[in-house]
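I have placed the structure first, in the form of structure tokens, so that the comments after it can refer back to it.
The sequence lines fix the lettering, A, B, ..., with proteins before strands; numbering per chain opens at 1.
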Amino acid sequence: MTSNPMHRRTVLGGAAALAAGFALAGCSDGGDGDGPAPEERKKGQKINLTFWSWVPGIDKPVDLWNRKNPEVQVKVEKVSAVNGEQYAKMHAAVKAGNPPDLGQIEFPVIPSFLLDNGLLDLAPLGAARHKDKFFGWQWQQSVFGKGIYAVPQASGPMGLFVRQDLFDKWGVQTPTTWDEYEAAAKTVRRNGAWIETFAPTNGNRFSGLAWQAGAKWYATHGDTWIVHIDDEPTRRVADYWESLVKQKLVKTIPDRQNAWYKDLQTGAITAWVGASWGDALLVGNAPGTKGRWRAAPLPQWKPGGKDFANWGGSTTAVFAKASYPKDALDFAVWLNTDPASIALLIDGGYGFPSAKKGYSTADLDVDKAFFGGQEYSKIFADAGAHVDTSWQWGPGVDTLYQRLGDAFTDALADGSSFRSALAKVQGQTLADLKGKGLKVESGG
Amino acid sequence: MSRDTLSRAAPAAPGRPAPRRRPRRATRTEARNARAAACFVLPFLALFGLCFLAPIGYAVHQSLYRTERTGPLGLGGQEHEAFAGLANYAHALSDGQFLAGFGRVLLFGAVQIPLMLVLATTLALLLESASARGVTFFRSAFFLPYGVPGVIASILWGFLYVPGISPLVKIAGALGWDVDFLSRGSVLWAIANIVVWQFTGYNMLVLIAQLKAVPGELYEAARIDGANAWQVARHIKLPLIRPALVLTTVFSIIGTLQLFAEPMVLRPLASSIDSGFTPNLHAYSEAFVGNNPHVAAAEAVLLALVACGLSFGFLRLVGGRTKDRG
């Protein structure tokens, strides 16, 4: 479970500042040189494209595309998203020189693939003309310098899911701040249940919580990467969860695994700090609790605050070796902007569309009845509008998640502080990036 | 066969210069035999080279290089391989997690291998004892787990370990015993249990095969001498299956060091298994998560060296003892 959540997790969004902050002028220049000139499909020629994805229900929009475009047939190959296996497979395929044409890649890991020259720069194919179809900051997630490396699909604004029936029974108010969340956890615990779990290996959610608190893990200065995982906001988040763990107010089992689903089904766990795509996860895995859940905004650090974050969100990227890049780009844009495709993707519960048009917030309420008739997507839409868009990702995020997971696992085992875990991960991340031949400095 | 033995023995006879003619004939026969032998050995050598030597050579090669990147921020620029000397090895050996993984599998092996082999030997002796009933059924039943692929076995056991789902945990809980198979302290032994379950039957079969090769006269003689079943087992069977025990031990040592599938499968279920739980898992993480194939290659080579060292060390140890006894 860990670092890479499995189900339609979607990435985080947020890096509007990428374009502004990155002095990546050389990027696209370097990329252009390698590889053979892309082949052009001749008129009437029938081609096949392969697409590696793990999004549930992705087959449906792809089938629709295949019916409409007999000449460009896309074949979905499902990859496992457990433990980041999909990226392990993609990295290996890039190294071996036989990647698929298209891949489902989350925002945080795009820089890792760029490091390997694994993704095709779509700018020369005229991708920029599609920019206005997407939310600006999500489009920017895959823009580095002059290069455009993926078509955004969805984001995952974070919120809080609660078992309203149990909260009501025990007189627990839905927490609006993290202090209230702790108080709620105590009451729930007194009633024999748990508010939720702190999954030590889920670096993805932890980064979202740090993001909400105002952390800036990556930045760039000239051609140097600035890494600051051990910053004040992140420490605050770490201290907070450490305290909950030490008070035995939260479990420490992995999330989105059988034991966790079982706890959701039986009411042993009564809340979940999740993301917009979590609705489908709850509906699918705890069907017996229908009507008892509600969604609420993410608890705030300051009463009345409006700080939100993203967890998940992904793109459709074209690999550098794609045989027919133009057709691959056309497919990627269609998949993520065509109203019929978006409707099918929403049915699968893939997150909040990156496309601006072609759906309404109400369409996103996949199963209102499950949430007692609540129009819960509005809550996530509001969260999405208040995400700090200055957050940016750097290379090696998959390793970072693993490091965080290992460090928190160790801290839980030997009782050491989460702060020391952060300090350890900070040092390791600097070493990892140096090991990759990058210029890197510790943020101050 | 006998001609061959003769012709080879002749020149080797000490103190007698070989007559000129004979060796010529002998050489021709030898050449023919050598050709035949080469034909038999060649496919093996080809496969051995292709599937064993070449990957090792490639891994050693990979382990001596590193990737250098150019371009702003290292993104999108050119990358090329540069000679790194032993830097990757130094990196691996200075990685505390990697070394801890070795400590873990060694501890694992020290407990699991003797346990499994004692169990396998006991089962083999019981099944091969004169009074055993239903031998075929039990032999297949004990061997059956080996037919289950390691990944499947781990998933299966995972369900029996995970609290909230596991009937075992539930039963233990009902008896007032709060057990967590996947906690930091017990997860290694939970994995050991899977390995024992899987491989005891396999090792038992190897031992049974050796037991079958023991000539019946030995037992007859022992019975005439008044030996009871225990004495037969202790003084005849056990010494005679020694080679099989040595073989299974070496297999187990190698298998232990390569421990991978079980922790890999259980990892998502347990918060207690980190990404470098075993050296193999660590190398996997380096290669596929960290995308550092060169460091991973160095780790794989180190792992192979340790496996080699331990296996040969063990063989020397027991080989020496056999000589003393002989």
Side-chain angles (χ1 to χ4, degrees), chain A residues 1-3 22-31 33-34 82-84 87-89 91-92 95 111-112 114-117 121 144-145 147 199-201 220 222-225 252-254 257-260 262-263 266 268 395-396 398-399 402 405-406 409-410 412-413 432 435-439, chain B residues 62 66-80 82 84 87-88 91 94-97 100 155 158-159 161-166 169 180 182-185 187 264-277 281-282 284-295:
Chain A
M1 73 164 285
T2 79
S3 23
F22 278 30
L24 289 178
C27 266
S28 46
D29 306 346
D34 337 290
V82 179
N83 275 326
Y87 302 126
K89 195 174 163 173
H91 276 303
K95 272 248 139 59
S112 301
L114 293 187
L115 217 51
D116 274 5
N117 293 328
D121 181 3
F144 295 85
T201 46
T220 54
D223 57 357
T224 306
W225 287 98
T252 53
I253 59 165
Q257 284 294 336
N258 291 325
W260 186 74
K262 173 90 180 182
D263 281 348
T266 57
D398 14 23
T399 310
Q402 188 154 290
D406 288 351
T409 299
D410 287 348
L412 287 179
D432 286 340
K436 285 180 182 296
L438 302 176
K439 278 192 206 166
Chain B
Q62 283 276 75
R66 65 193 161 84
T67 307
E68 276 187 350
R69 293 180 166 84
T70 56
L73 296 170
L75 298 183
Q78 300 291 338
E79 58 176 71
H80 62 276
N88 291 326
H91 179 92
S94 64
D95 188 331
Q97 201 186 27
I155 293 173
F159 278 106
Y161 288 153
V162 172
I165 294 173
S166 163
V169 175
D180 183 0
L182 297 177
S183 73
R184 185 80 156 191
V187 73
M264 180 78 180
V265 172
L266 291 181
R267 202 157 89 83
L269 308 176
S271 295
S272 49
I273 301 175
D274 65 23
S275 62
F277 195 72
L281 198 56
H282 195 276
Y284 169 86
S285 303
E286 280 287 354
F288 296 109
V289 180
N291 211 9
N292 297 322
H294 302 292
V295 174

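Neither the backbone nor the side chain of A/D432 comes within contact range of chain B; no heavy atom of the residue lies under 4.5 Å from a heavy atom of that chain. Interface remark: A/T224 contributes backbone atoms only to the contact with chain B (heavy atom separation under 4.5 Å). Heavy atoms closer than 4.5 Å to chain B are found nowhere in A/K439, neither backbone nor side chain. For a residue to count as touching a neighbouring chain, one of its non-hydrogen atoms must lie under 4.5 Å from one of that chain's; by this rule B/V162 touches chain A with the side chain only. Proximity to chain A is absent for every atom of B/A87, based on heavy atoms less than 4.5 angstrom apart. Both the backbone and the side chain of B/S285 come within contact range of chain A, judged by heavy atoms closer than 4.5 Å. Proximity to chain A is limited to the side chain of B/F159, based on heavy atoms less than 4.5 angstrom apart.
In this structure, OG1 in A/T399 is found 8.0 Å from CG in B/N291, a value given to the nearest 0.5 Å. Rounding to the nearest 0.5 Å gives a distance of 8.5 Å between CD of B/E286 and CD of A/Q402. Atom-to-atom distance recorded for B/D274:CG and A/T409:OG1 is 6.5 Å, nearest 0.5 angstrom.
Most heavy-atom pairs under 4.5 Å with chain B, from the set A/L412, A/T252, A/D116: that is A/D116. In terms of non-hydrogen atom pairs under 4.5 Å with chain A, the most contact-rich of B/E68, B/R184, B/H91 is B/R184.
A donor-acceptor distance shorter than 3.5 angstrom exists from the side chain of A/D406 to the backbone of B/S275, with no hydrogens or angles considered. At distances below 3.5 Å, not a single donor-acceptor pair connects side-chain atoms of A/K436 with backbone N or O atoms of B/N292.
Contact detail for B/S271 and A/I253: the closest heavy-atom pair is OG-C, 4.0 Å.
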